[in-house]
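To start, the structure under review is shown below, and the notes come after it.
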Amino acid sequence: MITSFKTIAGLIILGGMLSLTACNSGKPDASPGEVTSATEAPAAVQPEASPSPAADAGTVSEPGADDGAAAGAEPVTADPGAAAGASTVTEAAEAEAELVAPATPEERSKQLKELLEFAKQGKVPGVEYAAHSGLIDEVEAAWGEPDLKESAGKGMYSTYSGKNAVIGFNKGSKIFDVRSNASNLQSLTLEQIEEVLGKPDATSSLGSDKIYIYQAGKQYQLKFIIPESTGTVDHISVFSEQDSINNMAG
């Protein structure tokens, strides 16, 4: 009886052990992926790396950044048009200075002596065309039509106001009289003229105008025309009497 009881108890214990073994064998082992995930988990919470110095440098203006803007700016240069303008203004000022009346006896003496030298060539200052050798056609080709053309005395006279000049010519178109009324002449008095050139070789009158004549070589006369009303020169004339007679009147 006792032996049977022990046998039964042993079988019960053996059955429990077998059941326990069966349960353990039915549980699957952990997969390799689970092990790997558990191992890599700490990397997910690592802080992000700080930006590299090169990345920081990209947010800072480079020293040469403004150089490009400066290079893009147009350089300040002198305006050729203004220089030219300046040049034109300078030339105009010089031309005007030549017409300023002489302020000292020395300047006046120089001016009057130059007038006589020009007259010996048949010319007046500022006019390139000469009495006796020049033609009115040459004047008109260069200066254009005159402001006024009229008959006077022994020929025709063309007035060019912008040139301060009047050109007298005969019927053969030869110039016999070149006149100038430039402003630097119009302050001269007879006394000042005589101080430098001496007494005139001849005098004449035309209305209220007095004409003082100086011989300039064999061919020409230098005339100063002084109205009684002003007592100063109105204009000068370089005159070729020979050509005033040879007017092809026939």
Just verifying a value: how many Å separate [X] [atom1] and [Y] [atom2], rounded to the nearest 0.5 Å?
| X | Y | atom1 | atom2 | result |
| --- | --- | --- | --- | --- |
| Tyr129 | Leu135 | OH | CG | 11.0 Å |
| Arg108 | Ile193 | CZ | CD1 | 10.5 Å |
| Lys174 | Ser133 | NZ | OG | 8.0 Å |
| Leu115 | Leu185 | CG | CG | 6.0 Å |
| Leu206 | Ile211 | CG | CD1 | 5.5 Å |
| Leu222 | Phe224 | CG | CZ | 4.0 Å |

Check whether [X] reaches the backbone of [Y] with its side chain - one donor and one acceptor, N or O, closer than 3.5 Å.
| X | Y | value |
| --- | --- | --- |
| Thr230 | Thr232 | yes |
| Ser109 | Glu106 | no |
| Gln186 | Asp234 | yes |
| Gln215 | Tyr220 | yes |
| Ser158 | Pro146 | no |
| Gln192 | Thr189 | yes |
| Tyr214 | Gly198 | yes |

If you define the side chain from C-beta out and look only at heavy atoms, does anything of [X] sit under 4.5 Å from [Y]?
| X | Y | result |
| --- | --- | --- |
| Pro200 | Ile213 | no |
| Ser240 | Asp177 | no |
| Val238 | Val124 | yes |

So, for [X] and [Y], which heavy atoms are closest and what is the spacing to 0.1 Å?
| X | Y | value |
| --- | --- | --- |
| Gly144 | Tyr160 | O-OH, 2.7 Å |
| Val127 | Val178 | CG1-CG1, 4.1 Å |
| Leu188 | Gln111 | CD2-OE1, 3.8 Å |
| Leu116 | Ala216 | CD1-CB, 4.0 Å |

State yes or no: do Trp143 and Phe169 share one hydrophobic cluster built from I, L, V, M, F, W and Y residues joined by side-chain heavy-atom distances below 4.5 Å, directly or via other members? yes
ILVMFWY network linking Ile225 to Ile167, side-chain heavy atoms under 4.5 angstrom: no
Taking only residues two or more places apart in sequence, or in another chain, which ones meet [X] in a side chain to side chain donor-acceptor pair (under 3.5 Å)?
| X | answer |
| --- | --- |
| Lys113 | none |
| Lys123 | none |
| Ser180 | none |
| Asp209 | none |

Show your reasoning for whether side-chain contact (heavy atoms from CB on, under 4.5 Å) applies to Asp243 and Gln219. CA-CA 10 Å; Asp243 297 299; Gln219 185 69 47; 3.9 Å; yes
If you link ILVMFWY side chains whenever their heavy atoms are less than 4.5 Å apart, which other residues fall into the same cluster as Val166? By chain and number, please. Tyr157, Phe176, Phe239
List the residues meeting salt bridge (Lys or Arg N to Asp or Glu O under 4.0 Å) with Lys163, not counting sequence neighbours, and say none if there are none. none
Do Lys120 and Glu117 sit within salt-bridge range, that is, some charged N less than 4.0 Å from a carboxylate O? yes
